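Start at 1 and go down the list; that is how both ligands and their atoms are numbered. For reference, positions follow the sequence shown, starting with 1. These numbers come from a predicted model, not from an experiment. All values below were derived from every heavy atom in this structure, side-chain atoms included, with hydrogens, water molecules and symmetry-related copies excluded.
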Amino acid sequence: MSQSGFEVARLTVRLGAVAENYRTCRRLAAGAAVAGVVKADGYGLGAAEIAHALLTQGCDTFFVARLEEGIALRPITPKARIFVLDGVREQSAAALVEYNLTPVLNALDEIALWAQTARGRDAAIHIDTGMSRLGLSPTELAVLAAETGQRLAGINPVLVMSHLACADDPSDATNFTQLDRFRAALAQLSPMPASLASSGGILLGPDYAFDLVRPGIALYGGNPRKGSKNPFGVAARLTGRILQLRRVDKGESVGYGATFRVERPMTLATVALGYADGLMRVLGNRGAGAIGGHKVPIVGRVSMDLVTLDVSDVPAATSGAEVEFLGDTVLLEHVAEAAGTANYEILTALGARIPRVYTSESAP
Ligand SMILES: *Cc1c(COP(=O)(O)O)cnc(C)c1O
């Protein structure tokens, strides 16, 4: 609740749906363990609360991107394994050790550094199989393999992993190429647990599951596979309240830049959400809200703190009424499509100003 007692906007996070989505991953993961990816503050929904919900489901492995994210997560999951995707540098090695965080080592020199500074401690090894982003290159892998374990002798490799570039499209041949390369990499290393699939990879089938899967977006209700039914339940609802209603006549314009011209008398609702809250400006004249399950179009530009909607056909649009901008009617994937971006960016763009409200409810 805001101090005035009237909360104009909120992000409702359904922890029951997150838990259900975790169980769905487990069902689909062909017996592999299921980690929780909670980087970027749990994709904007709140890493601490998400991690807590996952712990209750028996999740004992988490992935974050940054060292700081791992440090923040440590007291919430005192016993869990926390992998840090950024890897290790001279400046971060001591903190990784202090907080018992497990780096994902992305290069030969990182392996050497970890062996030197954290002798014998756990680490994951990341192999680049086609993202060209992080991880050992094929040349580096060959060096590592030829050393017959010397470099690895200084560390305790608990996981070898790679990351898929096109897992949202099961027909993309890149998936098979990466699977082949990953298998070839595993064959060059001494046996250890392996992980290839994030959310999209989980839906590619058991060949991709290996020992551990690493879902992020699926836990948060995002559809990891383009153009097919989403097997995961909506976990985040973004709502705002109508501050003001007005009748506008033909010929008037709406918002900055007068980008919307009123063609017939209409009723507009102004809602207290804007691009500072993550309701992207690009959604002006493109996106929609929903009132009681009825979609209402956004008209005019989205402002920093406000957005206007055409509610002419919706009697339930009264002052103070709740408008959904993300949730069960306005689906995450549709917002992403209207904004010309990915599910991921919509969630992680949600502003810090919006109060997060946690409920134990599941998706309907
Ligand atoms: C972000 C990330 C994930 C999670 O990906 P989703 O598509 O959200 O499931 C898994 N692994 C790595 C290496 C990542 O960077």
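For R89, the CZ atom sits in a loose shell: 12 or fewer heavy atoms of surrounding residues, nucleotides or ligands are nearer than 6.0 Å. Around CZ of R66, the count of heavy atoms belonging to other residues, nucleotides or ligands within 6.0 Å does not exceed 12. By the neighbour-count criterion of 12 heavy atoms within 6.0 Å, atom CZ of R246 is sparsely surrounded, having that number or fewer from other residues, nucleotides or ligands.
By the 4.0 Å heavy-atom criterion, F63 is excluded from the residues contacting ligand 1. Taking 4.0 Å as the cut-off, Y43 counts as a neighbour of ligand 1 on heavy-atom distance.
The shortest contact between atom 5 (O) of ligand 1 and any protein heavy atom is with S198 CB, 3.3 Å. Atom 11 (N) of ligand 1 has as its closest protein heavy atom R214 NE, 3.0 Å. Looking only at protein heavy atoms, the nearest one to atom 7 (O) of ligand 1 is Y344 OH, 2.6 Å.
With salt bridges taken as basic N to acidic carboxylate O contacts below 4.0 Å, none links R225 and D168. Salt bridge status for E337 with K226: absent, with no side-chain N to carboxylate O gap under 4.0 Å.
When only interatomic distances are considered, the shortest N/O to N/O separation between G216 and ligand 1 falls below 3.5 Å. For I217, a nitrogen or oxygen atom sits less than 3.5 Å from a nitrogen or oxygen atom of ligand 1, counting backbone and side chain alike.
Aromatic pair F232/Y220: centroids not less than 6.0 angstrom apart.
Between atom 13 (C) of ligand 1 and the options M131, K39, H163, the minimum heavy-atom separation is to H163.
Of all atoms in ligand 1, numbered sequentially from 1 with element shown, those under 4.0 Å from a heavy atom of S199 are 6 (P), 9 (O). In the vicinity of R133, heavy-atom distances shorter than 4.0 Å reach the ligand 1 atoms 15 (O). If you number the atoms of ligand 1 from 1 as listed, the ones under 4.0 Å from a heavy atom of P215 come out as 9 (O).
Between the side chains of S195 and R214, at least one donor N or O lies within less than 3.5 Å of an accepting N or O. Side-chain contact, R81 with T102: no donor N or O sits under 3.5 Å from an acceptor N or O.
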